[in-house]
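Written below as structure tokens is the structure these notes are about.
Chain A is the first sequence line, chain B the second, and so forth, proteins listed ahead of strands; every chain is numbered from 1.
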Protein chains: 2
Amino acid sequence: MEDIDRYFCNGISVDNVIFGFDEDRLNVLLIKRGIDPFKGKWALPGALVKPEEHIDTAVARVLKQLTGLEDVYLNQVGTFGAPDRHPDGRVITIAYYSLINIRNYSVTPTSFANQSQWHPIEKVQELAFDHNMILDVCLNNLRKELRNKPIGFNLLPQKFTLTQLQSLYEGILNRKLDKRNFRKKVINMKLLVDLDQYQEGVAHRPAKLYSFDEARYHQLVEEGISFELKESKNSKPIRQASTFSQLSSI
Amino acid sequence: MEDIDRYFCNGISVDNVIFGFDEDRLNVLLIKRGIDPFKGKWALPGALVKPEEHIDTAVARVLKQLTGLEDVYLNQVGTFGAPDRHPDGRVITIAYYSLINIRNYSVTPTSFANQSQWHPIEKVQELAFDHNMILDVCLNNLRKELRNKPIGFNLLPQKFTLTQLQSLYEGILNRKLDKRNFRKKVINMKLLVDLDQYQEGVAHRPAKLYSFDEARYHQLVEEGISFELKESKNSKPIRQASTFSQLSSI
DNA sequence: CCAAAAGTGTTGTTAGTACACCCATGG
DNA sequence: CCATGGGTGTACTAACAACACTTTTGG
């Protein structure tokens, strides 16, 4: 193995796929790049890992820099290492995703970004680098996780209605679910706390408000759940994916 | 971001966790390192990614160099990036696991290794670098995958008995399963082909031989399966894990 | 009184679990 | 004839799927 130094000239970056939920659609946070390469293009928020920095530390740092958020659920999804994926040199990137509540957050563009913005997932167009591929992989991953862990609750306000919870699941999974079966299922999980409060000021029968039980939540994250409800009749996608978000995965 | 070059001095390696199955135990392939650092220690077979090499190509290359195998099921599990994990400099490593049939394979140590050997999983001792952690994460991953995909068939000979298949599952999951329920389940998967052949020369009733249906296999890999058989009574581990293989995961 | 969303129960089906005895062969 | 592992069926339970009408509120 001659010329060992040639093996030590790689950059390492982390990219964050930050999902947020708003009304009934799943969004992803993108930045508009303020510098080359891909200046002016939308991209996932990410940055190079510093020398001597642990990659898990780096991703938390980047997330904090871009969103101000700490202590969020962060999940390493995969590493992307095509030799030409970055035009300025060899940079492999480690992708993470996280879920945040879109309302607890305010955008803080960095020097690399001149704009940060939520984008509905099905409207995402061509992104910088290989970020469309990364996004697709993370989205697949999110959907898989949603079936095995009670995540998704991260995306709701403190107090929520069962209908909001259901449309969150429908939004992420992109399919309709049966109302009665959905309710039966989530109530049986014993994860919800009935607050004995109701919506106010709505032009229909007001819905009961729930929050969820932190302790039980963490227990279920550990144990895993199985969330496999189907609505066979309407199992077609609610919305079509855009040209660039085609869930190709790998 | 002053001194950009300091960001481009990282090494990237791939490490392979190669599982093999033999009789009724799960094994992992380790090499004894022939060079420093950790000379003489057992380690996962891995190597640096070449400049201009795709990481997925690199892992296949390393696997081929070490085992002669091609076209095996290779699964990226995660990336490990503690800054001090390699004593000679910053090297992050991308871990993959694969499953092979222990009999189709012959060991070919490289210049870095003076010995390659199968180790029963529960006897693995302290390994070089952070390889114990990587092994634990891969083992967890294998067990998770085993419940969701019909992998594990990779580990059996072409023709096998249902008892062999069951002890494979028991060996990987490290728990006893109920014979009748196990058979009911796998036969319902319609994955097995009854060869109408029988074992010969055994000192007991000869078992029927099966192979499995390639097309159906690939279909099930796509669709995913749910393999959740329990034997509640005997749900204690068959074997205790060794000191260093403690499934800490992360 | 109308529009809009909330809320609620039953029945059939499928998948999982527990469990114990007889069978075919080689030595 | 005995030791060894191969092979089989049934009853109970839990989870899921299908499906339609009544309730409460604001305007």
Side-chain angles (χ1 to χ4, degrees), chain A residues 23-24 147-148 150 156 159-171 173 175-192 194-210 220 223-236, chain B residues 23-24 147-148 150 156 159-171 173 175-192 194-210 220 223-236:
Chain A
E23 306 301 324
D24 66 343
R147 293 189 174 86
N148 298 310
L156 288 173
K159 302 175 180 183
F160 53 87
T161 69
L162 292 181
T163 303
Q164 285 178 299
L165 181 60
Q166 182 174 347
S167 57
L168 182 149
Y169 271 78
E170 291 180 341
L173 298 176
R175 70 172 54 120
K176 286 296 263 181
L177 302 172
D178 178 82
K179 185 162 59 162
R180 280 174 290 190
N181 292 340
F182 180 84
R183 283 162 186 244
K184 209 183 305 175
K185 176 104 190 190
V186 296
I187 286 166
N188 275 347
M189 284 161 82
K190 306 211 191 296
L191 177 57
L192 301 183
D194 182 342
L195 294 174
D196 261 315
Q197 295 173 39
Y198 293 84
Q199 281 182 314
E200 285 171 21
V202 287
H204 56 76
R205 177 169 173 180
K208 240 183 182 176
L209 294 173
Y210 293 82
L220 288 179
E223 286 177 11
I225 60 171
S226 166
F227 198 97
E228 290 294 349
L229 283 178
K230 281 178 211 162
E231 173 85 331
S232 324
K233 266 196 323 188
N234 307 336
S235 65
K236 295 163 208 161
Chain B
E23 307 300 325
D24 66 342
R147 293 190 173 85
N148 298 310
L156 288 174
K159 302 174 180 184
F160 53 87
T161 68
L162 292 180
T163 302
Q164 286 179 301
L165 180 59
Q166 182 174 347
S167 58
L168 182 150
Y169 271 78
E170 291 180 341
L173 298 176
R175 70 171 57 119
K176 287 294 265 181
L177 302 172
D178 178 82
K179 185 161 59 163
R180 281 175 289 192
N181 292 339
F182 181 84
R183 284 162 184 243
K184 207 186 306 175
K185 177 104 191 190
V186 297
I187 286 165
N188 275 347
M189 284 161 84
K190 306 209 192 295
L191 176 58
L192 301 183
D194 182 342
L195 294 175
D196 261 316
Q197 296 173 36
Y198 293 84
Q199 280 181 315
E200 285 172 20
V202 287
H204 54 78
R205 177 171 174 178
K208 241 185 182 175
L209 294 173
Y210 293 82
L220 288 179
E223 287 178 9
I225 60 172
S226 167
F227 197 97
E228 291 294 349
L229 283 179
K230 282 177 212 165
E231 174 84 331
S232 325
K233 267 197 322 189
N234 307 336
S235 64
K236 297 162 207 159

**Study point:** With sequence neighbours excluded, residues passing side-chain hydrogen bond (donor to acceptor under 3.5 Å, both in side chains) with B:Q197
**Key:**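 So B:Q197 forms a side-chain hydrogen bond (donor to acceptor under 3.5 Å, both in side chains) with B:K159.
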
Exercise for review: Answer yes or no: does a side-chain N or O of A:K185 lie under 4.0 Å from OP1 or OP2 of D:dC16?
Suggested key: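 Answer yes for this pair, as a side-chain N or O of A:K185 is under 4.0 Å from OP1 or OP2.
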
Practice item. Over all heavy atoms of both residues, which pair between B:M189 and B:P150 is shortest? Give the atoms and the distance, please. Key: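 It is CE-CB, 4.4 Å.
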
Atom-pair distance ([atom1] on [X]; [atom2] on [N]), nearest Å:
X	N	atom1	atom2	result
B:K176	C:dA18	NZ	P	15 Å
B:L165	D:dG6	CG	P	12 Å
B:F182	C:dA18	CZ	P	16 Å
B:D178	C:dA20	CG	C1'	11 Å
A:L177	D:dC19	CG	C1'	16 Å
B:N188	D:dG9	CG	P	14 Å
B:R180	C:dT17	CZ	C1'	11 Å

Using the salt bridge (Lys or Arg N to Asp or Glu O under 4.0 Å) criterion, which residues pair with [X]? Sequence neighbours excluded.
X	result
A:R180	none
B:R205	none
B:K208	B:D194

Within the 4.5 Å heavy-atom criterion, are [X] and [Y] side-chain neighbours or not?
X	Y	answer
A:L192	A:L162	yes
A:L195	A:F160	no
A:L173	A:R147	yes

Review point. Taking for each residue the nucleotide of DNA chain C with the nearest heavy atom, is it B:V202 or B:F227 whose nucleotide lies nearer the 5' end?
Key: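 Whichever sits nearer the 5' end wins; that is B:F227.
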
Expected rows: protein N/O vs nucleotides 3-6 of chain C N/O, under 3.5 Å:
{"unit_1": "C:dA6", "atom_1": "OP1", "unit_2": "A:T163", "atom_2": "OG1", "d": "2.7"}
{"unit_1": "C:dA6", "atom_1": "OP2", "unit_2": "A:T163", "atom_2": "OG1", "d": "3.2"}

What pairs of nitrogen or oxygen atoms, one from the protein and one from nucleotides 10-14 of chain C, lie under 3.5 Å apart?
{"unit_1": "C:dT10", "atom_1": "O4", "unit_2": "A:K184", "atom_2": "NZ", "d": "3.0"}

Review point. Checking side chain to side chain contact (heavy atoms under 4.5 Å, CB included) for the pair A:Q166/A:D178: CA distance, chi angles, key distance, verdict?
Key: CA-CA 9 Å; A:Q166 182 174 347; A:D178 178 82; over 6 Å; no

